[in-house]
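Just the heavy atoms: all of them, side chains too, but no hydrogens, waters or symmetry mates, feed the values below. Sequence lines set the chain letters: A, B, ... in the order given, protein chains first and strands last, and positions in each chain run from 1.
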Amino acid sequence: MTSPADTHSDDILQGLNPPQRRAVETIEGPLLILAGPGSGKTRVITHRIAHILRERRVMPWNVLAVTFTNKAAREMKDRLEGLVGPDARDLNVGTFHSICSRVLRREAESAGLALGSNFAIYDDGDQLNLVKQALREMNLDEKQYRPQAIHALISRAKNDLLNPMQYAERVNKYFEEVAARVYRRYEELLRQNNAADFDDLILLTHQLWRTHPHVLRKYQDRYLYIHVDEFQDTNKAQYELVRMLAAGTPETPGHLNICAVADDDQSIYSWRGANPRVLIQFETDFPGAQIVLLEQNYRSTQMILDAAQNVVQHNRLRRDKHLWTDKSGGDKITIHEAYNEEEEANFVADEIRTHVARGAFQYRDFAVMYRTNAQSRALEEQFIRSGTPYVVVGSKKFYERKEIKDVLAYLRLLANTRDTLSLQRIINVPNRKIGPKTLAEFMAWSQRENREPLDALATIDAHPTLSTGSKRALAAFHAILVDLQSAAKELPLPALIDRVLERTGYAAELRDGTEEGDERWTNVLELRRVAEDFSEIEPQTALALFLENVALVSGADTTQNGENGDLVTEERNAVTLITLHAAKGLEYPAVFIVGLEEGVLPHSRSLENETELEEERRLAYVGITRAMRRLYLTRAFKRSFYGGSSVYQEASRFLEDIPPALVINSRQRSRTLGTSPDAERPSQPSRLPSSVRAPSHSPFSRQGDTSRALSHPSPRVATASTPAQPDVPEPATPVPAAADNLRPGDRVMHRLFGEGTVLKVDEGRNSTVVDVLFKQAGKKSLDLSFARLEKA
DNA sequence: CGAGTACTAGTTTTT
DNA sequence: CTAGTACTCG
């Protein structure tokens, strides 16, 4: 390749396998790295960047690396610092959104984007509010046109690089026609508020570069070496942005030094407009691109890798890969079937505590993954009850708290006086006797007069109709703002927050001595602590940076403490609770994936559609491949949704895809009176696809032995010396446990037979047979290991 | 006019 | 169950 480094080994190239090394040494021209899970892609990217800095006379800021989350960016930067030292700080590493945001702030004024450089970034909630406002103005019924549905279409249009006019041209349903009209108004409102939504950050940067070739040129010459991680999750807007940068346009050709890292099996964001076709397009748009395959997995045992492969192999549209690991064998995968979500959570907590008590794992070695955020609830309850320390990653609950949003609204208004949405939020918080009527009256007036609300507020006395009381209230609010605005210019950020809290009376409102007030006050202090990181920066810049950070860093990057929900800033020895989506890119020694049920994983919204089902399958694949040594897949027979009614759940089809030879079934039946037949069926080696290596001959590694012993209280698991029957699942918990709380006279429910009364309980060696007299169906004898019986 | 209370309807994943 | 809206009371 370009470098003669073969002759002397050095720290940057050492320890790389041949394809990794090829990827690192391919510096010039387009490069596509197809990297399986755990194949060391972050290592490749960081080493490649270090290599570029050394081999080419370029400055750190000439290197761009785009990651999917801020967390990934931070990790990459940390690793780079270890490789190249303090220079790492000048590298451009960040998400599409953060990088674009910075470009826009720098260029906004000069490029006539109808966006001031102090623009606000509107998060999900803000965007929804804006859609609602547009709907109201247009007299459209929110019931008929659900704001979220409209917003989804708008967002999709933006991801496809369509402005309102272009989108209007290609609508083909009435609903979309309405959406197009709302989109137009929504855009006007954004600009009026001097605000950009998430999608705008990409869209507007693209627009800027497209319409201003000299600006594009500037960034092409700045970002000489481009890296894009998680390339398969790139949407059209993001792809076109990168293409413009790297390939350029006829008048401003690019330098073509782009390195895209992708795994089509881990494409899980199509609902956000991501389109794995970009992988094919890449090869078209960048002819002659080098392709490197990273197929050696350094993370997981063979057992886990086999399970993952078997699950994902059912997808039709994928490049086949040949992942392998030299970590042969390993512990079998535990599949656990619990009665309901409560017992599922209980099992998880128990299992973790047992492992920790025996010393081979720490709490921090575990992650529990789920499809939807709502599933964390049952887990959290059990974790709290059992005193198991945990953190929750992802759900940005902290930044969604009212008190946090309120304080942020004040700050946003100070940074951007045109942010009417924020103004409306806090004008009466705490209560200043400015109700919706007064507010509407005032807003209508400022609009009529064609003045910005904040400006109109200064002359509120001139308002024709408002009562003296209302005017006085508004004038008082204005006085507070004026004071805070001057404070914003000179005070360091934490001091500014203090001033806001005092001057607005918000502090007094919260610190009312109630427990709830205390908690909210603590949260506000938490926010203030985050702001302290910005103390050293010039006040106005600090404010803008802080708000940008909060807007863009609030998602999967935030970790909350269990129990109190505080933000977690330092690593804790605690179990991680995380969605499957947020888990991408991470790894844990032991992983639980909960809720493997039809309707949960795969999610009910995806059941109809083959394409979406494939994505769910990839989601399961992502989860499985996060595990290094131990993997648990759990499900519940019965799950309750929104509070009330519980529903019988069928086992996820993904469980069927895992060859029984890789699995140990474990059951907990304290209240379960039966299991589904398919769960009970003996494993059939014939179901094993030929591509799967039979693990029976591979002796368990020593470390595998210890952890397996830990994981299973009953040591009846086949050992290396008796590999002949490792496939026969035996109940981990003896079945009679179930019959404990079942006696003649008990009322029971059966899915098919309905309500009945237990007549007789026969506990055999391997099974328990119960005679039940059903109201409708009459007398039946049921084998508890097959029948789905529930205590009424 | 504003605040508190009864009802309804909606629930994937995230920058 | 919760958020968000519609209605009633002070």
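Asn70(A) has no side-chain polar atom (N or O) that falls below the 4.0 Å cut-off from OP1 or OP2 of dT15(B). Listed pair Asn373(A) / dT13(B) meets the phosphate criterion, a side-chain N or O lying under 4.0 Å from OP1 or OP2. Look at Asn428(A) and you won't find any side-chain N or O under 4.0 angstrom from OP1 or OP2 of dG2(B).
Computed from coordinates, the Leu439(A) CG to dG2(B) P distance equals 9 Å when rounded to whole Å. Here the P atom of nucleotide dT13(B) and the CG atom of Leu607(A) are 16 Å apart, to the nearest Å. Note: CD (Gln266(A)) to C1' (dT13(B)) measures 15 Å, nearest angstrom. Note: CZ (Arg272(A)) to P (dT14(B)) measures 9 Å, nearest angstrom. Here the P atom of nucleotide dT14(B) and the NZ atom of Lys71(A) are 12 Å apart, to the nearest Å. Atom OH of Tyr399(A) is separated from atom P of dT14(B) by 17 Å (rounded to the nearest Å). A straight line from CE of Met369(A) to C1' of dT12(B) spans 17 Å, rounded to a whole angstrom. Taking atom CG of Leu580(A) as the reference point, atom P of dT13(B) lies 11 Å away to the nearest angstrom.
Taking the six-membered ring where the residue is Trp, Phe592(A) and Phe366(A) present tilted rings, their angle falling between 30° and 60°.
No engagement by Ser606(A) is indicated, since no non-hydrogen atom pair under 4.0 Å with the nucleic acid exists. Residue Phe96(A) is out of contact with every strand shown, counting any heavy-atom pair closer than 4.0 Å. As judged by a 4.0 angstrom heavy-atom cut-off over every strand, Leu466(A) is placed among residues making no nucleic acid contact. Note on Thr69(A): only backbone sugar-phosphate atoms sit closer than 4.0 angstrom, heavy atoms only; bases stay farther off. Asn431(A) comes within 4.0 angstrom of sugar-phosphate atoms only, judged by non-hydrogen atoms across all strands, and of no base.
Along DNA chain B, the nucleotide nearest Thr438(A) and the nucleotide nearest Phe68(A) are compared for position; the residue whose nucleotide lies closer to the 5' end is Thr438(A). Where Glu615(A) and Ser470(A) meet DNA chain B, the nucleotide closest to each residue was compared, and Ser470(A) sits on the side nearer the 5' end.
Side chain of Asn549(A) to main chain of Leu545(A): a donor-acceptor pair is present (N/O by atom type, distance under 3.5 Å, no hydrogens or angles). Using modelled atom types, no side-chain atom of Asn609(A) and backbone atom of Ser606(A) make a donor-acceptor pair closer than 3.5 Å.
Qualifying side-chain hydrogen bond (donor to acceptor under 3.5 Å, both in side chains) partners for Thr69(A), counting only residues two or more places apart in sequence or in other chains: none.
Distance check on atom C1': dG4(C) versus dT13(B) gives 23 Å, rounded to whole Å. The gap from the C1' atom of dT12(B) to that of dT5(C) amounts to 24 Å, rounded to the nearest Å.
For Ala415(A) against Leu547(A), the heavy-atom pair with the smallest separation is CB-CD1, 3.7 Å. Scanning both residues, Gly623(A) and Leu580(A), for their nearest heavy atoms gives CA-CD2, 3.6 Å.
Each of Arg653(A), Arg635(A), Arg639(A), Arg371(A) was compared with Glu597(A) under the salt bridge (Lys or Arg N to Asp or Glu O under 4.0 Å) criterion, and only Arg639(A) meets it.
Relative to the side chain of Arg377(A), the nucleotides dT13(B), dC1(C), dT15(B) differ in distance, and dC1(C) lies closest. Between dT15(B), dG2(B), dG4(C), one nucleotide has an atom nearer to the side chain of Lys132(A) than all others, and that is dG4(C). Looking at the side chain of Tyr269(A), the nearest of the listed nucleotides dT15(B), dT14(B), dT12(B) is dT14(B).
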Step-by-step side chain to side chain donor-acceptor pair (under 3.5 Å) determination, Asn92(A) to Tyr223(A): CA-CA 8 Å; Asn92(A) 289 296; Tyr223(A) 303 138; 4.5 Å; no

Pairs under 3.5 angstrom, nitrogen or oxygen only, protein versus nucleotides 7-11 of chain B, please.
residue	atom	partner	partner atom	Å
dT11(B)	OP2	Arg146(A)	NE	3.1
dT11(B)	OP2	Arg146(A)	NH2	2.3

